[in-house]
There are 2 protein chains.
Amino acid sequence: MADLARELGVSTTTISRALSDHFSIGPAMKQKVQKLARKYNYQPNRMASALRKGKSKLLGIVVPYLEGRFFPTVVYGMEKAASKAGYNVIICQSHEDVVLERRNLDTLLSAQVAGVLVSMSRTTLDYKHFDKLRSRGMPLVFFDRVEEGDNVNAVVLDDREGGYISTRHLIGQGCRRIAHLAGPQHLNIYRNRRQGYLDALREAGLPEDENLVVYSDMLHAQGVDSLRQLMLLPNPPDAVFSAGDDSALGALQEARRQGLRVPEDVAITGFSNETFTLVTEPNLTSVDQRSEEMGQAAVRLLLELIDAEGGPFSPRKVSLRPELLVRQSSLREPELYAEAAEPALIVRRR
Amino acid sequence: MADLARELGVSTTTISRALSDHFSIGPAMKQKVQKLARKYNYQPNRMASALRKGKSKLLGIVVPYLEGRFFPTVVYGMEKAASKAGYNVIICQSHEDVVLERRNLDTLLSAQVAGVLVSMSRTTLDYKHFDKLRSRGMPLVFFDRVEEGDNVNAVVLDDREGGYISTRHLIGQGCRRIAHLAGPQHLNIYRNRRQGYLDALREAGLPEDENLVVYSDMLHAQGVDSLRQLMLLPNPPDAVFSAGDDSALGALQEARRQGLRVPEDVAITGFSNETFTLVTEPNLTSVDQRSEEMGQAAVRLLLELIDAEGGPFSPRKVSLRPELLVRQSSLREPELYAEAAEPALIVRRR
DNA sequence: TTGTATGCGTTATCAA
DNA sequence: TTGATAACGCATACAA
């Protein structure tokens, strides 16, 4: 900026204002400055700007991991919404470790981000580090895996609905003993998916059988084990609603290994619409989580928070509608669905 | 820092030095300062520090995309190596778009990163934006998809070797008409994989048949099309070496749709060791790209560059050894492999 | 071993 | 409409 000022014989103040399109600068001067800036390939120093203004144009993102399709897609949505507003993002992974999660937050704090987007790690059981962030006035929005309480801003999938429509679909396909592979119940997402499952059972007048609910960390291997365990029951299930795609896949593979036909002997559905659901044999029915919308909604909410500048802001929870993608692994009665030939039939889009 | 200085009755200079473990500060004072800093939960302002020192502790990463397993794993390796050296990373996606790639580099520049790690987008055909970076003295390391030329620092997989061992393996399994699904030849990785394929053919005395090489962008749908096209040849192939897993998967599915047995009628191998290779039926043979090591190596190289401070530094290329993971999709002669029962048999680890 | 003074690049304030 | 000046938080040359 000093160079430009010298060359044009004006002050850096004028340069600064011209570049940020300040109203007090005449159009002629603005033209000149901006042209010269382009010529010299001027790059603003965001650090200096952030230092002076006390706020940067950076948003921090903390995700449990990036593998798979869900989080990258969410991050993509975030990037889109952020860049539209002139922001950039820093991505950190907690690798499902609360210690790393805390360290990530410190990193973001000292990078002077304008706000933080968090999806909690699986091992996050207390929330002090988030309180610390808030006490420093750092705008904070959770997504997908959210902190409990009324005081949090969050964007979530309606996981209860996801569990509900999955289970209802299975019931509609004639299944009567529906098992559930459930995740850690301290995480909202898994608790709600289970609740939707129970709601659908109750609505249909089917009994709740605790033997049919298997709790695990939802990994592939645990899906294998869970299915094995379920099939040893005196009265084994005719369907499995898994709260995650990895364990659904494990269950699917183990079922076939046992010589069971899917979906005829046991119908299987997953959750997340991971890429591989279109690759398994049979293709895996799953719930799409509106990943990209989730990212965009989270950033929009965060930007509102930032613009409110710590002023009065009543916490908001945005809830997105899940979408059941019915595929072969649960389609016992294809004639019920005219479009059943489609590989990724959307049964419910409201 | 000012608060701490006041409370301890010393200058901010002392605080600054004590916190950065400067030799001129006595151990007693260091203790006191660091304790108080913890008590007040002091967070250094990295922007201010970066502004003053002219360099930050941030590394910029530009990847084409994050979906799948390869890039997240590379990034994980980068995070690990970076945090060991006190650095953090900013991740940007170019989404295979050179326009976005350029914008990302601008963003990173103005975020005052200490260095940049780039894997080029598929649409990057000229390299001016990288020259611009270099002309500003910004340390730059490429990984996986690298710029051509002697003047670049880069970490790559030995893709030629990957193509070579894949093809050799197929030859060893008795295949004689081996097709190749090739990617855009302006990208080093695809050019080299093809070269390895040709080398192995030549070594085995097999003819090169250009009809057996199909060029595409390596997407799933293009794998489907390519296989269809290949099977229409008067003399169709008995094996397919695909330079990517997505198109390998497409080929695999199309082959089975046509009623071909895999690997008996046509053996298929892919490249990248994506997660889904363990899910397909049959499981897909693929080349592992040492993703995590690649990330670590790239950061190590970048840090060396940064520490050299623009001084003399002869450009270096690090090349990693690929690993062929033989699975059912190419295993015609299992008796050749004692450990063939393993789902992910490592055939060649040198 | 500690302190004083200064500047990194930008922008807000106040004055012209 | 423009400019002079100070300040953001930190690190360092120099002095003590």
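Chain letters run A, B, ... following the sequence lines, proteins first and then strands; every chain starts at 1.
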Nearest whole angstrom, please: distance from the [atom2] of [N] to the [atom1] of [X].
| X | N | atom1 | atom2 | value |
| --- | --- | --- | --- | --- |
| B/R52 | D/dA11 | CZ | C1' | 4 Å |
| A/K57 | C/dT11 | NZ | P | 12 Å |
| A/K53 | C/dT10 | NZ | P | 11 Å |
| A/Q112 | C/dG9 | CD | C1' | 16 Å |
| B/L51 | D/dA11 | CG | C1' | 11 Å |

task = Any chance you could measure A/L36, atom CG, to A/Q31, atom CD, to the nearest 0.5 Å?
result =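 The distance works out to 12.5 Å.
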inquiry  = Can you pull out the residues from residues 102-110 of chain B that lie within a 4.0 Å heavy-atom distance of DNA chain D?
reply    =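 Here the set is empty: none.
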task = Specify the residues of residues 6-26 of chain B, ordered by number, for which at least one heavy atom lies under 4.0 angstrom from an atom of DNA chain D.
result =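 Nucleic-acid contacts, sorted: B/T13, B/S16, B/R17.
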ask   = So, A/S272 and A/Q289: side-chain donor and acceptor under 3.5 Å apart, yes or no?
value =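 Yes, a side-chain donor-acceptor pair sits under 3.5 Å.
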query = Does any residue of residues 38-50 of chain B have a heavy atom under 4.0 Å from DNA chain C, and if so, which ones, in number order?
reply =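 Listed by number, there are none.
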key: Basic-acidic side-chain contact under 4.0 Å: A/K128, A/D131   =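 Salt bridge between A/K128 and A/D131, a charged N being under 4.0 Å from a carboxylate O: no.
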Residues in salt bridge (Lys or Arg N to Asp or Glu O under 4.0 Å) contact with B/E7, at least two apart in sequence or another chain =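 Checked B/E7 against salt bridge (Lys or Arg N to Asp or Glu O under 4.0 Å); zero matches.
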task = Check salt bridge (Lys or Arg N to Asp or Glu O under 4.0 Å) between A/K132 and all other residues, then give those that pass, not counting sequence neighbours.
result =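 Here the qualifying residues are A/D106.
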task = If a pair satisfies salt bridge (charged side-chain N to carboxylate O under 4.0 Å, His left out) and one of its residues is in residues 52-61 of chain A, list it, with sequence neighbours excluded.
result =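 Passing the test, one end in residues 52-61 of chain A: no pairs.
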ask   = Closest approach of B/P315 and B/N153, non-hydrogen atoms and distance?
value =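 Taking B/P315 first and B/N153 second, the nearest heavy atoms are CA-OD1, 3.4 Å.
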